[in-house]
Amino acid sequence: MTDEVSRNERIKEASNYLRGTLAEGLKDTITGAIAEDDQQLVKFHGMYLQDDRDLRPERTRKKMEKAFAFMIRVRIPGGVLTPGQWLALDRIARDYGNGTMKLTTRQTVQLHGIIKSNVTAAMKAIDAVLLNTIAACGDVNRNVMCNPNPYQSRAHAAAIALARAVSDHLLPRTPAYREIWLDGEKIAGGEDEVVEPIYGKTYLPRKFKVVVAVPPSNDVDIFAHDLGFMAIVDDTGAVTGWNVTVGGGMGMTHGEPDTYPRTADVMGFCATADVLAIAEAVVTVQRDWGDRANRKHARLKYTIEDRGLDAFRREVEKRAGVLLKPAAPFKFTSMGDSYGWSHDADGRSHLTLFVQNGRLFPKQIAALRKLAESHDGDFRITPNQHLIVAGIPADKQKEIHWAMNDAGLLAPWSGLKRNSMACVALPTCGLALAESERYLPDLLTALDEKLAAHGLTQDDIVIRMTGCPNGCARPYLAEIGLVGKGPGRYNLYLGAAFDGSRLSKLYAEDLDHTSIIAALDPVFAAYAAGRQKGERFGDFTIRAGFVAATTNGPDFHANVRVKKAEAAA
Ligand code: HEM
Ligand code: SF4
């Protein structure tokens with residue numbers, strides 16, 4: 001660690017509230033890229049500059065510029081879209097992007113392959129349907145997630161209202177977004193405090209992520225996030241207040257044990273009326289206490305480890321003017337989605353579709369477009385990269401069921417597939433060390449053969465893969481986690497809890513396709529033969545001694561007995 005602030009801090013400070021030279025850079029037609037500093041700033045506007053890594057070798061050979069294009073991530077609090085908004089995103093993906101849509105693990109949509117000359121038009125089209133992309137990436141509060149479950153109507157209504165209120169409250173106030181992408185007009189800025197009353201000139205030390213959960217479903221993965229609110233519900237189904245969680249996070253770096261994933265702590269309980277004050281205080285304490293010298297140590301999880309939960313809680317209470325009560329008892333049972341049809345008390349029906357790895361291909365997009373054209377419920381992206389078509393009238397059910405079946409959007413039988421997620425990785429993600437989204441389906445097919453041999457086909461086992469240790473698909477909370485190490489090679493983690501409350505532990509390193517299967521097959525066999533009634537796979541791998549239980553972040557790298565590839569195979 002150094003005493004100096006990191007490069008990103010200087011870029012933010014000099015950016016004049018996220019303007020940088022973005023407006024000028026967009027007009028430069030000589031390159032498909034933008035200036036280096038602007039590449040950091042553009043994240044706050046919901047975009048990453050990327051290049052197609054599949055095309056890199058050929059373009060280098062031909063001495064051509066990389067195939068640059070932008071990824072645009074939409075801000076969709078709670079993942080709820082109207083059919084009109086869905087249709088607009090579909091149109092933008094086809095008109096300006098590569099024609100696919102990625103439903104993300106944080107309930108948004110990512111559009112890939114948008115070249116520079118199309119970005120402004122895409123942003124205007126997003127704005128036209130009352131959506132935006134501000135703060136979808138960057139050192140700021142990102143998309144606020146919320147349990148999308150439409151059948152627990154009362155608690156869900158309270159949860160989504162809370163998610164939207166927190167999202168609005170923590171939005172950056174800079175007019176730069178409108179200036180650059182929409183109006184083109186520079187609006188005279190006020191005093192610093194007025195421009196960003198919560199964030200100030202340099203925003204947060206790192207990204208910040210908020211979720212709202214409704215137990216018993218932990219589909220939002222509350223323990224993976226910086227700040228969480230957990231609905232506490234009385235016998236009538238009414239929300240009486242919220243448990244507050246702080247300090248969860250996934251990202252780490254291979255070979256750097258000072259970096260680790262961490263599950264959030266439950267900090268206390270607050271009333272609905274106090275939620276915004278608490279959220280703001282958590283953000284401003286992290287703004288002031290977070291590490292601005294070392295970005296790998298800058299997330300709230302490290303602030304809490306360094307300062308202690310008690311000191312953090314006291315400072316939050318002081319700034320919010322609210323005393324937290326002791327946390328209320330709660331119980332989570334799973335983090336997955338319930339696929340298929342569900343029906344609520346108001347007589348409406350909802351269909352949860354299965355979108356493998358969240359990637360919608362043209363045929364599936366076409367089927368959903370047809371549905372959206374006549375649907376008047378809403379579309380809800382789940383935290384597991386799937387999609388709920390909510391509010392379907394009885395007379396439409398059959399037709400919609402078969403249309404979705406034909407498009408390959410109904411859930412498969414395989415318990416492993418049903419509980420799988422993969423991040424994007426190659427070819428767009430510049431940080432990917434290995435394939436993820438494009439590879440996981442093949443691996444699952446191979447693993448399913450083994451599971452079938454052990455009679456485990458329909459057992460729910462959570463598996464998640466990422467192309468690098470940043471952990472965008474939250475692999476350290478999966479019962480089977482695979483994290484890219486290099487081309488075609490993965491680290492294998494086991495032992496996380498099915499309800500998302502316990503991290504996993506490294507089990508084997510540097511595995512290729514064959515050795516992943518060889519490493520897992522004996523564990524599957526042991527589980528089939530030796531599990532206790534109702535025992536989950538993750539819990540079993542600990543009891544049977546395959547891995548030690550991880551108790552929290554700093555303990556993630558402890559008690560590891562790693563198997564090398566050869567030994568595992
Ligand atoms: C140091 C940490 C991280 C960095 C630098 C990072 C960077 C990125 C980048 C560049 C992408 C774009 C990939 C593409 O679309 O081509 C991405 C995707 C994504 N990231 Fe991260 N990420 C980090 C950690 C995380 C964590 C911990 C989470 C969630 C808990 C997360 C959530 C996501 C989501 C939801 C996507 C969209 C794709 C998907 O659903 O797989 N990221 N990230
Ligand atoms: S986990 Fe790594 S490879 Fe996957 S999307 Fe995130 S940053 Fe990219």
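Ligands are counted one by one from 1 in listed order, and the atoms in each one are counted from 1 as well.
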Identify all side-chain donor-acceptor contacts of residues 203-211 below 3.5 Å with residues at least two apart in sequence or on another chain.
residue	atom	partner	partner atom	Å
Tyr203	OH	Glu196	OE2	2.6
Arg206	NH1	Arg295	O	3.2

Practice problem: Return the protein residues near ligand 1 (heavy atom under 4.0 Å from any of its atoms), ordered by chain and residue number. | Solution: Tyr48, Gln50, Met71, Arg73, Lys102, Thr104, Thr105, Arg106, Gln110, His112, Arg206, Lys207, Lys209, Met250, Gln385, Ala422, Cys423, Val424, Thr428, Cys429, Leu431, Asn470, Gly471, Cys472, Arg474
Self-check item: Neighbouring protein residues of ligand 2 - any heavy atom closer than 4.0 Å
Solution: Cys423, Ala425, Cys429, Leu431, Ala432, Thr466, Gly467, Cys468, Asn470, Gly471, Cys472
Practice problem: May I have the step-by-step check of salt bridge (Lys or Arg N to Asp or Glu O under 4.0 Å) for Arg262 and Glu305, ending in yes or no? | Solution: CA-CA 10 Å; Arg262 183 180 191 277; Glu305 281 296 331; 2.7 Å; yes
Self-check item: From CG (Leu440) to CG (Leu482), nearest 0.5 Å
Solution: 8.0 Å
Between [X] and [Y], is the gap from one ring center to the other below 6.0 Å?
{"X": "Tyr260", "Y": "Tyr302", "value": "yes"}
{"X": "Tyr339", "Y": "His386", "value": "yes"}
{"X": "Phe70", "Y": "Tyr48", "value": "no"}

Self-check item: All salt bridge (charged side-chain N to carboxylate O under 4.0 Å, His left out) counterparts of Glu256, not counting sequence neighbours
Solution: Lys296
Quiz item: Hey, does the Lys NZ or Arg CZ of Arg536 hover above the aromatic six-ring of Phe498, less than 6.0 Å from the centre and inside 45° of the axis?
Solution: yes
Practice problem: Output yes when Asp510 and Arg489 qualify as a salt bridge under the 4.0 Å nitrogen-oxygen rule, no when they do not. | Solution: yes
